[in-house]
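See below for the structure under consideration.
The residues of the chain are indexed from 1 along the displayed sequence.
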Amino acid sequence: MQSFEIDKSDVLKVKSAILAGDETLKEVLADYHASEIAILFERLDKSEQQHIINLLPSEIASEIISEMDEESHPEDLLFKLHPDKRTEIVEELDYDDATDIISQLEDHEQKEILEDLNEEDASNIRNLLTYDEKTAGGLMNTDLICVNINLTKKDAIDEIIRQSEEMEEFYTIYVVDDEDVFQGIVSLKDIIKAKHNAQITELVKMDAVYVRPNTDQEEVANLISQYNLTSIPVVDDQHKLLGRVTFDDVIDVMEAESTEDILKISGVSEDEELSGNWVEAVKSRLPWLIINLGTAFLASSVVRYFDPTIKLIPSLAAYMTIIAGMGGNAATQALAVTVRRISLYNLTDNQAYRTVLKEFTVGLINGASNGLIVFIFAFFFDGNPMLGLVIFLAMTGNLVIAGITGAGIPLILKRVGIDPAIASSIIITTFTDVFGFLLILGLASKLLL
């Protein structure tokens, strides 16, 4: 089965079905999964979305809303529904999904929705709303299955059956003591395979990985990936079980974190929505471009300083752009690898040193290789072996600088508590431009004049 992609014919089919009537629309929508309808919503206007949500059963409607992209603003769609329909949908949602959506609304809108819910649902969602959305507490779902460590196999199975009636799916059973303190985990498979007189205390794995509610979402994702978990428990300072974070939430986190890093490395604010309009894009990008303009003036001042050298050797102007451009590309490569390495691992001082040393070596080899190509070109095209030597040395030197700064700058920023993806690209561009021009023009002044 292939992943679903928006097709113009699908959009036209749904739009035509809306005009044809509810019965036709139901038949058409029956051919699509809820997640596919959520994707189609990207091409439908708000009134069409609302019409479909009102038409479908709350169980399916809730799944569509939970699958909608954040930039499609499912919270606005939810809030504009009739209060009864809205309440039905929220009650069908998992607590973590409901919290994610409701948290995007204004305080008075949140209050209006929560007042219509039953006390248990409202209380659970209010509790989850207190956590930062980018932490384990903000990701966790309080719906889980837990059993007492003192239960027998038979009693535990009875308890699991009772608790599972309100849950769609579960993978792990959590074990607590009489004080609700987390003791470990046990798999359903182990319980089923155990002897009929076995007790949970004999089956529980007490070395289970867990997180605190304030653990950063990226760390949660790393732990689930590292230990191949389907879910990870969240416990408070007293080690009492609060909830669980499941792997499907982690997939969303990893996608969001990757997008955020890509935007930051490109000098784009994480607040810019991918589907936003041009006004939002300008507001997001203009400040970074102005900062970049300032660094460009610094690079241009180096060129101005060596203006007499360029007038005497005009061909240097053409090679300058090659040196600076290659340095920028090499630095971006080193930066991307290093930022990703930082996001995945908690690097020790020795690992950080080895990272910079590796990029230095890569820069030296790549610089010499590319420098040799340009040396040969300059030798045959300009007939000047000394010019070729200058370009060779400048290319090699600038790619070494690119490797060191591309790896070193994000590591330094991380050490001082600054997000390495935010400012690294502008800093390394400044280094490669300034030193690229300085190397080729400085060497030319010394060796060619």
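- Note that NZ of Lys189 is 13.0 Å distant from CD1 of Ile173, once rounded to the nearest 0.5 Å.
- Put simply, the residue from Glu75, His73, Glu133 that forms a side-chain hydrogen bond (donor to acceptor under 3.5 Å, both in side chains) with Gln104 is Glu133.
- Going from atom CG of Leu439 over to atom OG1 of Thr396 covers 10.0 Å, rounded to the nearest 0.5 Å.
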- [ ] Run the numbers on Asn350 and Thr348 for side-chain hydrogen bond (donor to acceptor under 3.5 Å, both in side chains), then give the verdict.
- [x] CA-CA 5 Å; Asn350 183 55; Thr348 63; 5.3 Å; no

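- Gln163 places a side-chain N or O within donor-acceptor distance of the main-chain N or O of Cys146, the cut-off being under 3.5 Å.
- At least one donor-acceptor pair under 3.5 Å links the side chain of Ser301 to the backbone N or O of Leu298.
- For CD of Gln351, the number of neighbouring non-hydrogen atoms (other residues, nucleotides, ligands) closer than 6.0 Å is greater than 12.
- Considering only heavy atoms from C-beta on, Val235 stays 4.5 Å or farther from Val181 through its side chain.
- Judged purely by atom type and a 3.5 angstrom limit, Glu48 uses its side chain to pair as donor or acceptor with the backbone of Asp45.
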- [ ] Evaluate the side chain to side chain contact (heavy atoms under 4.5 Å, CB included) criterion for residues His33 and Glu63: first the C-alpha distance (whole Å), next the side-chain angles of each, then the deciding distance (0.1 Å), finally the verdict.
- [x] CA-CA 10 Å; His33 187 272; Glu63 192 174 347; 3.4 Å; yes

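- Two residues are said to be in side-chain contact when any heavy atoms from C-beta on lie closer than 4.5 Å; Ile322 and Phe377 fail this criterion.
- Ile52 places none of its side-chain heavy atoms less than 4.5 Å from the side chain of Leu40.
- No side-chain heavy atom of Val245 sits less than 4.5 Å from a side-chain heavy atom of Gln217.
- Residue pairs meeting the ring-ring contact (aromatic ring centres under 6.0 Å, His included) criterion with at least one member in residues 299-330: none, sequence neighbours excluded.
- A heavy-atom distance below 4.5 Å is not found between the side chains of Phe375 and Ile391.
- Summarising the geometry, atom NZ belonging to Lys205 is positioned 9.0 Å from atom OG1 belonging to Thr172; distances are rounded to the nearest 0.5 Å.
- A 4.5 Å side-chain heavy-atom check between Ile427 and Thr405 finds every atom pair outside the cut-off.
- Here Leu44 contributes atom CG and Ile37 contributes atom CD1; the two are 10.0 Å apart, rounded to the nearest 0.5 Å.
- Gln183 pairs with exactly one of Thr201, Asp177, Asn148 by the side-chain hydrogen bond (donor to acceptor under 3.5 Å, both in side chains) rule, that one being Asp177.
- Scanning all heavy atoms of the two residues, the minimum distance from Leu129 to Ser103 falls at CD2-CB, 3.6 Å.
- The closest donor-acceptor contact from the side chain of Thr135 to the backbone of Pro213 lies under 3.5 Å.
- Between Ala330 and Leu399 the shortest heavy-atom distance is CB-CG, 3.9 Å.
- When all heavy atoms are compared, the tightest approach of Pro233 to Leu241 is CB-CD1, 3.8 Å.
- The side chain to side chain contact (heavy atoms under 4.5 Å, CB included) search around Asn214 returns Arg212, not counting sequence neighbours.
- The shortest heavy-atom contact between Ala368 and Phe392 is O-CE1, 3.4 Å.
- Taking the side chain as every heavy atom from C-beta outward, Phe170 and Leu144 never approach each other to under 4.5 Å.
- The two atoms that bring Val390 and Ala444 nearest to each other are CG1-N, 3.9 Å, heavy atoms only.
- When atom types are taken as modelled, the side chain of Glu359 and the backbone of Gly406 share no donor-acceptor pair closer than 3.5 angstrom.
- Pairs engaging residues 227-245 under the salt bridge (Lys or Arg N to Asp or Glu O under 4.0 Å) rule: none recorded [sequence neighbours left out].
- Separating the CD1 atom in Ile102 from the CD atom in Glu109 is a distance of 11.0 Å, to the nearest 0.5 Å.
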Task: Residues Asp190, Ser187; criterion side-chain hydrogen bond (donor to acceptor under 3.5 Å, both in side chains); working and verdict - done: CA-CA 5 Å; Asp190 288 343; Ser187 70; 3.1 Å; yes

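- Between Tyr95 and the choices Asp121, Asn127, Asp143, the side-chain hydrogen bond (donor to acceptor under 3.5 Å, both in side chains) rule is met once, by Asp121.
- Side-chain atoms of Ser231 and Tyr174 include a donor-acceptor pair closer than 3.5 Å.
- Ion pairing between a basic and an acidic side chain is recognised when a charged N comes within 4.0 Å of a carboxylate O; Lys111 and Asp107 show no such pairing.
- With hydrogens and angles disregarded, no donor-acceptor distance shorter than 3.5 Å links the side chain of Glu219 to the backbone of Asp216.
- Using a distance-only test at 3.5 Å, with no hydrogens or angles considered, a donor-acceptor pair links the side chain of Asn370 to the main chain of Asn366.
- Residues Leu81 and Arg86 approach most closely at O-NH1, 4.0 Å, considering heavy atoms.
- Distance alone, capped at 3.5 Å, places no donor-acceptor pair between the Asp116 side chain and the Thr87 backbone.
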Open item on the list: Pair Tyr210, His239 - check side chain to side chain contact (heavy atoms under 4.5 Å, CB included), show working.
Closed with: CA-CA 10 Å; Tyr210 60 85; His239 224 62; 3.2 Å; yes

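- Under the 4.5 Å side-chain criterion, counting only non-hydrogen atoms from C-beta, Ile145 is not in contact with Leu188.
- Across Thr99, Leu93, Asp94, a single residue satisfies side chain to side chain contact (heavy atoms under 4.5 Å, CB included) together with Asp96, and that is Asp94.
- Summarising the local packing, NZ of Lys46 is surrounded by more than 12 heavy atoms from other residues, nucleotides or ligands at distances under 6.0 Å.
- A donor-acceptor pair under 3.5 Å links the side-chain atoms of Thr338 to the main chain of Ala334, judged by distance alone.
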Task: Stepwise side chain to side chain contact (heavy atoms under 4.5 Å, CB included) test for Ile125 and Val90 - done: CA-CA 10 Å; Ile125 294 174; Val90 173; 4.0 Å; yes

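- How far CD1 of Ile440 is from CD1 of Ile310: 9.0 Å, rounded to the nearest 0.5 Å.
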- [ ] Just do the side chain to side chain contact (heavy atoms under 4.5 Å, CB included) check on Tyr227 and Ile232 with the steps written out, would you?
- [x] CA-CA 10 Å; Tyr227 292 99; Ile232 191 167; over 6 Å; no

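- Under the 3.5 Å distance criterion, the side-chain polar atoms of Ser225 are left unmatched by any main-chain donor or acceptor of Ala221.
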